[in-house]
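It should be emphasised that the depicted structure is a prediction, and the values quoted were computed from it without experimental measurement. Every number for a ligand or one of its atoms is a count from 1 in the order of the listing.
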Amino acid sequence: MQDLNKLWKIFNEKFTDTGLVKGAFSAPGRVNLIGEHTDYNEGFVLPIAIGKKIIMLGQLRSDRLVQVFDFGYKVEAKFSLSNLSPSKKDIWTNYLMGVMDEMQKAGYPLQGVNLIFISNIPKGAGLSSSAALEVVTALTMAKLNLLEIKPVEMALLCRRAENNFVGVSCGIMDQYVSCLGQKNYTLFIDCRSNDYELIPFKDPNYQVLICNSKIKRGLVNSEYNRRREECKIATEFFKHKLNREIRALRDITIDEYKKYQAQLPEIISRRARHVISENYRVQAGVQALRMRNYSTFGQLMIESHHSLKNDYEISCAELDLLVDLSLKQKGVLGVRMTGAGFGGCTVNLLRREHIDAFEKTIKQGYKKITGIIPDIYVTPPAEGAKVIKLR
Ligand code: GLA
């Protein structure tokens, strides 16, 4: 990643100094350890923020104009805060405009800004580069405009930007952990109440590794929305069967599921089984981490993958291959696909002394079958969005 001084140099060459407030900010991508497709079912998730992030430099302007330069892709855009509407041409600007739009709708007065940003989060890999862009934009706008916005409110605002402006009906997980993640902790989120708890995740013996299949998540939008619909159908079914308030699949116990599952259409039944059992796995996983029982946690990750593959049907051949290869390696406690699915990454938990052998064998094995060399990132839990101190 470019060093900050170089980036400021480019910033100063590109934009005339307005003499107003300046600052540098960052927001990370994320990897979810367990709890997949549970957030929009008001369930539980357990992600970590990762070391890969977006850095944004900004300076306030005295008018309502926003000028932004994406340093990585060498593209720029200009728009006015008084006239924000989704762009069909420069899709990437929608993440920024969406956040600014939601901030203004929430009553925050904004002035224009000059911005440069740079990212090392791979795009389309399921590591939430879009959430990071939303969050870093929100933080930059808040700080430059001297606004106090709490991290949870910021996360919710960014999610609304993605839902309403970008047009993706994601849940809360990605924006939440990008705002609130902390070094050496996983973030246990209750996606109904939006309460969260930091669960320690630091042990000299174990490490989290991400394997990027380099398969871009093709089908993801339409299939994601379809899964959401299927979950709604299952929820409606249980609402009619059970004599109490049911708001989401989060409210169904495994016993209730077992009692009625035969009455559900087969596909809907499997979708529901994934969500209901995954919520249990997240809670069991949190208990295991509290006891520092990493082997149980790893086992739950493996079960989660099977459920995503067979019941939720959002894996793909390359992700399954990465999982199979990983399970054959020494020192691997758990592995699963992570994120929305249909490509992207696996997340692996393994004993630290086996990392080198793991990387070598996975790369060879995956390349042999797919012709692709996967990227592998070692990622202990990193910190969430923050202000970068100016020297
Ligand atoms: C995407 C969404 C999240 C979540 C995951 C699946 O990353 O943005 O809200 O639903 O998929 O767990």
Side-chain angles (χ1 to χ4, degrees), residues 27-50 52 94-95 98-99 121-135 152 155-181 186-192 194 196 210 212-213 216-232 248-250 271 274-279 281-282 285 300-301 304-305 307-309 311-316 319 336-347:
R30 66 97 186 92
V31 70
N32 189 16
L33 298 187
I34 197 158
E36 219 63 83
H37 288 263
T38 44
D39 61 354
Y40 55 81
N41 287 296
E42 301 189 16
F44 304 100
V45 292
L46 194 69
I48 59 173
I50 58 174
K52 296 196 173 292
N94 290 336
Y95 298 96
V99 167
I121 311 171
K123 268 197 189 166
L127 299 177
S128 290
S129 58
S130 3
L133 183 53
E134 288 152 8
V135 171
V152 170
L156 296 172
L157 194 148
C158 290
R159 183 220 182 166
R160 288 201 301 277
E162 177 123 7
N163 291 171
N164 302 337
F165 207 94
V166 180
V168 175
S169 355
C170 63
I172 187 56
M173 168 168 68
D174 309 343
Q175 292 80 4
Y176 217 94
V177 66
S178 183
C179 282
L180 282 139
T186 65
L187 195 67
F188 176 38
I189 311 170
D190 177 335
C191 302
R192 166 165 286 166
N194 292 330
Y196 66 91
I210 296 173
N212 184 351
S213 69
K216 298 253 170 168
R217 304 168 304 143
L219 281 167
V220 78
N221 268 347
S222 55
E223 290 296 327
Y224 190 90
N225 290 339
R226 183 174 307 170
R227 295 300 177 281
R228 288 189 73 130
E229 282 307 312
E230 289 164 344
C231 290
K232 267 196 205 150
L249 283 180
R250 143 82 171 267
R271 305 299 191 245
H274 165 70
V275 175
I276 295 165
S277 61
E278 185 80 349
N279 275 328
R281 282 188 288 274
V282 180
L300 291 161
M301 291 171 78
S304 168
H305 183 75
S307 179
L308 289 161
K309 177 183 171 190
D311 280 350
Y312 223 59
E313 295 182 287
I314 55 164
S315 189
C316 64
L319 288 173
R336 57 186 283 277
M337 57 143 285
T338 183
F342 302 102
C345 297
T346 61
V347 57

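Take Arg159 and apply the salt bridge (Lys or Arg N to Asp or Glu O under 4.0 Å) test, not counting sequence neighbours, and it matches no residue. Scanning for salt bridge (Lys or Arg N to Asp or Glu O under 4.0 Å) contacts around Glu36 gives Arg336, with sequence neighbours left out. Shown here are the salt bridge (Lys or Arg N to Asp or Glu O under 4.0 Å) partners of Lys232, two or more places apart in sequence or in another chain: Glu229.
Between the side chains of Arg281 and Ser277, at least one donor N or O lies within less than 3.5 Å of an accepting N or O.
Of the residues Lys309, Glu278, His274, the one that meets the side-chain hydrogen bond (donor to acceptor under 3.5 Å, both in side chains) test with Ser304 is Glu278.
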Pairs under 3.5 Å, N/O atoms on ligand 1 and on the protein: can you put them in a table with the distances?
residue, atom, partner, partner atom, Å
ligand 1, 7 (O), Arg30, NH2, 2.9
ligand 1, 7 (O), Asp174, OD2, 3.0
ligand 1, 8 (O), Asp174, OD2, 2.6
ligand 1, 9 (O), Asp39, OD2, 2.5
ligand 1, 9 (O), Gly171, N, 2.8
ligand 1, 10 (O), Asp39, OD1, 2.8
ligand 1, 10 (O), Asp39, OD2, 3.4
ligand 1, 10 (O), Tyr224, OH, 2.6
ligand 1, 12 (O), Glu36, OE2, 2.6
ligand 1, 12 (O), His37, N, 2.7

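The pair Arg250-Glu42 does not count as a salt bridge, with every side-chain nitrogen at least 4.0 angstrom from each carboxylate oxygen.
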